[in-house]
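Positions are given from 1, in the same order as the sequence printed here.
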Amino acid sequence: MDGPIATASLQDAPVEYMEFSEKTTEEIERHKQLLAGLELQKRRREIAVPTSDVLVKARLIELEEPIILFGEGKPERRERLRQILSERGITEAMPTTVRRTLQPTTEVQTEATPGPPELKEARLKLVTSSLEHAKKRLADRAKVVEHMENNWELHEKGFLKIERELGNFSESSSTIGDSRPLSSVSYNFDGTQIATSSWSGDSKIWDLSTCTCVKKLMGHTQRVQTVLFHPREQQPGAVSLASCGADNKVLLWSLDSEKPVQTLNGHVDRVNKVVFHPHYQWLASTSFDRTWCLWDLETGKELLIQGGNSRAVYALAFHPDGALVGSGGMDSIGRIWDMRNGRAIWNMRGHIKHILSMDFSPNGYQVATGSADGSVRIWDLRKRKVAKVIPAHNSVISTVKYQPHYGNYLTTASFDGKIKLWSTKNYSLMKTLPGHEDKISCMDISPARNIQVKMEVEDDENSPMAGYVAPVQLVTSSFDRTWKLWSPDILSSI
């Protein structure tokens, strides 16, 4: 060999490029435009535009856009705001002034919520009264556990009895409640009357002995979201009901008048739920303005406006002792708040769609949440984790509710038009009740005791066996404009 052979590096080789054809270039450009359009549609869907027309106009003013176009209605104005925001790459649809007030966050709030001097007084009362309630609840539970250990066969019989009674439930009455869909229903303190609310803006009180309307409550200017009876018998002139609606108001009612005795103003978007505190001195409300509020029933003063939610708040429930409150909403996160210091102590994550209903178990350590994902989750407050996931319905769950005082069964209602009754012993399904032709918006359990079906032991309300008695009735309201009563077949229960 005369010498080493020279080798050429591939890196030194000339690179040739081929131009895309005109047709290929057009296809690539069209593909980019399609992807940009899909991205724009995705951003539009993710923008939560407020339902309040006042807030929509305020945001349009901030964006220096006309607040009204010729022939434009409220729905079109909301969509125009959504389109403007998506085109500009803006995700926040709420006005700046409202955002500063709400301070949305998905994380646990660690700072105490400030408030007026009355809030401090209320929290001091809660410290004492909640401890008294907890002490009584634990003593009653210890009595039941001791009785169960010595009479386990009797308690097994009790569970079988209540399962049999709930299995005999069926529709017993159906009444057209309004010309528009019914949004909620509630029993009074003794189960002799119910109240219904409607999208027409009216609420009605019905006598269950005759299924006739005995009073019409007119005060809201838009659809009523919830009407709720006070859980105790009230004196004449005192607050006996509370209602809330899409007009951003909470109204307090007396049975002596068809007009509200007080209007509670504080929310800046539609109000979804009202709930009486178990100590009967306060009322809570949830709203699409991403807050829940606490009101003093005697003075009508707003004690607390609680932010810390990333989206609208819908569900709310109080712990039986009164110290904790749970909230849930459109961000799919349930939150447990300590009312004695205003802090969020637990974020319950697991639902994949918004939470519409919530209820604490009378045992004090479990809370149930119902979601638009069709599932019910049972959360354990002691372990801070989910204890049970129930694939309960095929559609949105509008109501979850435990048996009052005892918690031996759980009831659920759904937009699939069905009620389901579950045993809390193992959360097995005991009964499915179809009947409504449209979505069930709400359900309630009668507080009256079933005196027609007795056990072979003493079963007064203080007895350890008192919880094994089925309710006299269930009541449901629906988008089909009817409310229905559900009762057991007494002959089959004997």
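By the salt bridge (Lys or Arg N to Asp or Glu O under 4.0 Å) test, D338 pairs with R340, sequence neighbours left out. Residues meeting the side chain to side chain donor-acceptor pair (under 3.5 Å) test with S441, sequence neighbours left out: S477. Residues passing the salt bridge (Lys or Arg N to Asp or Glu O under 4.0 Å) test with D416, sequence neighbours excluded: none. Residues forming a side chain to side chain donor-acceptor pair (under 3.5 Å) with H319 (at least two apart in sequence, or on another chain): none. Residues satisfying the side-chain contact (heavy atoms from CB on, under 4.5 Å) test with L138, not counting sequence neighbours, are none. In this view, K484 and E171, S174 satisfy the side chain to side chain donor-acceptor pair (under 3.5 Å) rule, not counting sequence neighbours. For K57, the salt bridge (Lys or Arg N to Asp or Glu O under 4.0 Å) criterion is met by D53, not counting sequence neighbours. Take S478 and apply the side chain to side chain donor-acceptor pair (under 3.5 Å) test, not counting sequence neighbours, and it matches D480.
Of the N and O atoms on the side chains of W206 and T175, not one donor lies less than 3.5 Å from an acceptor on the other residue. Remark: the S310 side chain and the D331 side chain contain an N/O donor-acceptor pair separated by less than 3.5 Å. Counted by atom type alone, W295 and S285 present one or more donor-acceptor pairs between their side chains at under 3.5 Å. If you check the side chains of S240 and W253, you find no donor sitting under 3.5 Å from an acceptor. No hydrogens or angles considered: a donor-acceptor pair under 3.5 Å links the side chains of H351 and D373.
For the atom pair CD (Q234) and CZ (F229), the distance works out to 11.0 Å, reported to the nearest 0.5 Å.
Between E27 and R30 there is a salt bridge, since a side-chain N of the basic residue sits under 4.0 Å from a carboxylate O of the acidic one. Under a 4.0 Å N-O distance rule, the pair E437/R481 does not qualify as a salt bridge. In summary, K216 and E258 do not engage in a salt bridge, as defined by a charged side-chain N under 4.0 Å from a carboxylate O.
Here ring pair (Phe, Tyr, Trp, His ring centres under 6.0 Å) pairs that include residues 378-404, with residues two or more places apart or in two chains, are W346-W379. The salt bridge (charged side-chain N to carboxylate O under 4.0 Å, His left out) pairs that include a residue from residues 175-198 are D178-K204, where partners are two or more places apart or lie in different chains. Sorted by first then second residue, the salt bridge (charged side-chain N to carboxylate O under 4.0 Å, His left out) pairs that include residues 231-250, not counting sequence neighbours, number zero. Applying the salt bridge (charged side-chain N to carboxylate O under 4.0 Å, His left out) test to residues at least two apart or on different chains, the pairs with a partner in residues 395-410 are K401-D444.
Not a single donor-acceptor pair under 3.5 Å links the side chain of S254 to the backbone N or O of V239.
For NZ of K125, the number of neighbouring non-hydrogen atoms (other residues, nucleotides, ligands) closer than 6.0 Å is 12 at most.
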